[in-house]
Amino acid sequence: FLLTVSLLVNGLPASASEFDTLLCLEKSGKIARDYGRDNRDRDYRGRYYDRDGENGRDGRSGRSGRSGRDATVFADGSAVNLDLSGRDGEDGEDGDDGYRPRCRRGYGGGKIKRNIHAPDGGRGGDAGSGGNGGSGGSVTVYYSKIADLKSILVRSQGGEGGRGGRGGDGAIGCRCRRRSWTVESCSGKKGTDSYKCKKRKYRCYQGSDGRDGRDGRYGSRGNSGVLSLIKGKQQLTPDNPTAELNFSELQGKSIRLSKNRWITRNGAVSLLAPGSVIADKYREFDKRIERDFQVVWQEKQPISNFQKANLKLNLNNDGKIEVDFPEKLWLDISKKQEGDLTKLVVNHAIPEKEVTELKPADFIGSDENLTFSIVDLAGKSDVIKTRFRVEYEIRGDNGGEYEYEIPPELVTQDYNRFILALGKLPIPEEGLEIGTKVRVKVTAIRSLGKRSKKQTIKWKGRVKVRS
């Protein structure tokens with residue numbers, strides 16, 4: 001191969017500019033592979049020219065190792081040997097090298113009247129990542145004497161992660177024979193005044209080399225298995241610490257949640273036979289917790305109207321039931337604890353969309369008697385707390401903008417109607433006179449329990465007397 005290249009180089013004409021053929025080399029110095037994956041120069045008319053080189057194929061990632069099996073043992077002093085090790089992850093595949101473009105016979109020079117961008121080399125394929133090692137299996141031991149654990153040998157290490165593959169090499173792009181050249185163009189009849197010539201310079205831009213593919217990451221080592229200890233021979237009842245139900249499913253009945261509470265300790269290896277491999281932290285059974293949950297419905301609307309509103313329940317290690325309420329429902333609630341029974345009393349339930357159904361009603365009066373009335377179309381203001389801010393803009397040449405927090409004493413509530421005494425605010429007198437053009441923006445802050453939401457109510461027009 002090296003001899004062949006040497007003969008080609010020695011056979012160059014005296015002037016390198018007369019030799020039009022391009023030789024594309026990879027970064028490593030070897031002859032780059034052809035675009036199209038074969039060595040036949042299939043079409044000299046340019047069908048396969050002027051196209052960037054094909055990218056190398058990405059390598060496949062390795063599969064993760066299988067986790068070790070879990071095991072249950074009743075310790076009585078007899079020798080037990082358990083291999084619960086996780087399996088190693090597979091190695092990732094290498095990425096393929098990029099392919100060189102098919103380069104023309106010379107880029108640049110001659111009478112070509114345009115700039116040229118030589119084709120780029122294909123990028124190397126990214127390598128696949130190594131698979132993660134499988135986790136070691138966990139072991140549960142029922143015992144009467146803690147010393148009996150010394151007869152149990154457990155190997156529960158995690159598997160090794162697979163190695164990442166190597167990224168493929170990027171291919172070199174096509175090169176220019178000449179980086180710039182000048183072409184003279186003439187018009188008119190030679191030897192006459194009309195004969196004129198002008199010169200224009202053109203450039204050839206080298207093809208970019210394809211980037212090298214990224215190496216794959218190494219897989220993570222699997223976790224070691226965990227030891228669980230239970231004193232006694234009676235097997236534990238399975239946990240049922242969570243539930244998700246809608247309100248109507250809880251009507252007239254209670255639901256039981258349960259869990260086995262564990263205490264976490266250190267030093268698992270010291271309890272087992274010498275040579276054991278397992279996570280240092282282990283858990284020991286403490287006690288079983290059981291609690292009941294019930295909904296007491298006192299909302300005026302029937303509970304069947306809330307079939308799409310789900311409650312998520314979770315029994316924690318302290319024996320308390322945590323409740324996650326639906327986002328689109330505002331609740332006024334209280335909790336009662338009666339022994340192992342938790343009662344959730346629902347006083348009011350309001351769909352969130354009904355919280356912001358405030359609309360402007362009247363803007364009447366003048367001077368200190370100017371009022372702005374707002375009505376709650378959903379009719380929930382007897383439950384929801386509301387406070388107001390106002391932005392009052394006086395329009396015209398002598399206008400101005402004023403912003404105030406409206407104190408509670410200037411808000412009159414008549415069931416679902418709010419009357420805001422704007423004339424009592426320190427607004428300039430000219431902004432309260434009859435005929436004055438104003439723009440009003442009221443922000444209502446609505447809240448119930450821990451929930452809060454804002455709504456903006458806008459009005460514009462002229463100050464007028466009560467009709």
> Just checking, is any N or O donor in the side chain of Asn246 or Gln307 under 3.5 Å from an acceptor N or O on the other one?
Replying inline: no

>> Quick check on side-chain contact (heavy atoms from CB on, under 4.5 Å): which of Val295, Leu331, Leu311 does Val323 satisfy it with?
In response: Leu311

With a 4.5 Å cut-off on side-chain heavy atoms, are [Y] and [X] touching?
X	Y	answer
Leu425	Tyr392	no
Asn310	Pro326	no
Thr456	Lys441	yes
Leu422	Val390	yes
Lys336	Val345	yes
Trp262	Ile230	yes
Leu410	Phe388	no
Val383	Leu448	yes

For [X] versus [Y], what's the shortest heavy-atom pair and its separation?
X	Y	result
Asn347	Gln298	OD1-OE1, 3.1 Å
Arg123	Asn55	N-OD1, 2.9 Å
Cys176	Arg179	CB-CD, 3.8 Å
Phe74	Gln235	CZ-NE2, 4.0 Å
Ala444	Ile457	CB-CD1, 4.1 Å
Pro101	Gly121	CD-CA, 3.8 Å

Is the number of heavy atoms from other residues, nucleotides or ligands within 6.0 Å of [atom1] ([X]) greater than 12?
X	atom1	value
Glu338	CD	yes
Lys335	NZ	yes
Gln234	CD	no
Arg291	CZ	yes

Is there a donor-acceptor contact under 3.5 Å from the side chain of [X] to the main chain of [Y]?
X	Y	result
Lys253	Glu249	yes
Asp212	Gly170	yes
Arg214	Asp126	no
Arg155	Leu82	no
Asp94	Arg166	yes
Asp52	Pro119	no
Ser248	Ser304	no
Asp292	Asp340	no
Asn132	Ser64	no
Ser224	Gly136	no

For the [atom1] atom of [X] and the [atom2] atom of [Y], what is their distance to the nearest 0.5 Å?
X	Y	atom1	atom2	value
Leu313	Leu250	CG	CG	7.0 Å
Arg57	Asp96	CZ	CG	4.5 Å
Arg261	Phe285	CZ	CZ	9.5 Å
Arg387	Thr443	CZ	OG1	10.5 Å
Leu236	Tyr142	CG	OH	4.5 Å
Thr356	Lys454	OG1	NZ	14.0 Å

> Aromatic rings Phe306 and Phe247: how do their planes relate, parallel, tilted or perpendicular, breaks at 30° and 60°?
Replying inline: perpendicular

> Are Glu352 and Arg451 close enough, and set up right, to give a side-chain contact (heavy atoms from CB on, under 4.5 Å), and what steps lead you there?
Replying inline: CA-CA 10 Å; Glu352 188 179 50; Arg451 306 292 294 274; 3.5 Å; yes

> Step by step, would you call Arg446 with Glu357 a salt bridge (charged side-chain N to carboxylate O under 4.0 Å, His left out)?
Replying inline: CA-CA 11 Å; Arg446 308 271 274 170; Glu357 291 195 14; over 6 Å; no

>> What verdict does the side-chain contact (heavy atoms from CB on, under 4.5 Å) test give for Leu227 and Val154, after you've listed the backbone C-alpha separation in whole Å, the side-chain angles of each residue and the deciding distance to 0.1 Å?
In response: CA-CA 10 Å; Leu227 171 66; Val154 180; over 6 Å; no

> Stepwise, does the side-chain contact (heavy atoms from CB on, under 4.5 Å) test hold for Arg102 with Arg51?
Replying inline: CA-CA 7 Å; Arg102 295 179 66 83; Arg51 294 168 59 183; over 6 Å; no

> Please walk me through it: do Gln157 and Arg221 pass side-chain contact (heavy atoms from CB on, under 4.5 Å)?
Replying inline: CA-CA 9 Å; Gln157 64 268 30; Arg221 184 187 178 95; 4.1 Å; yes

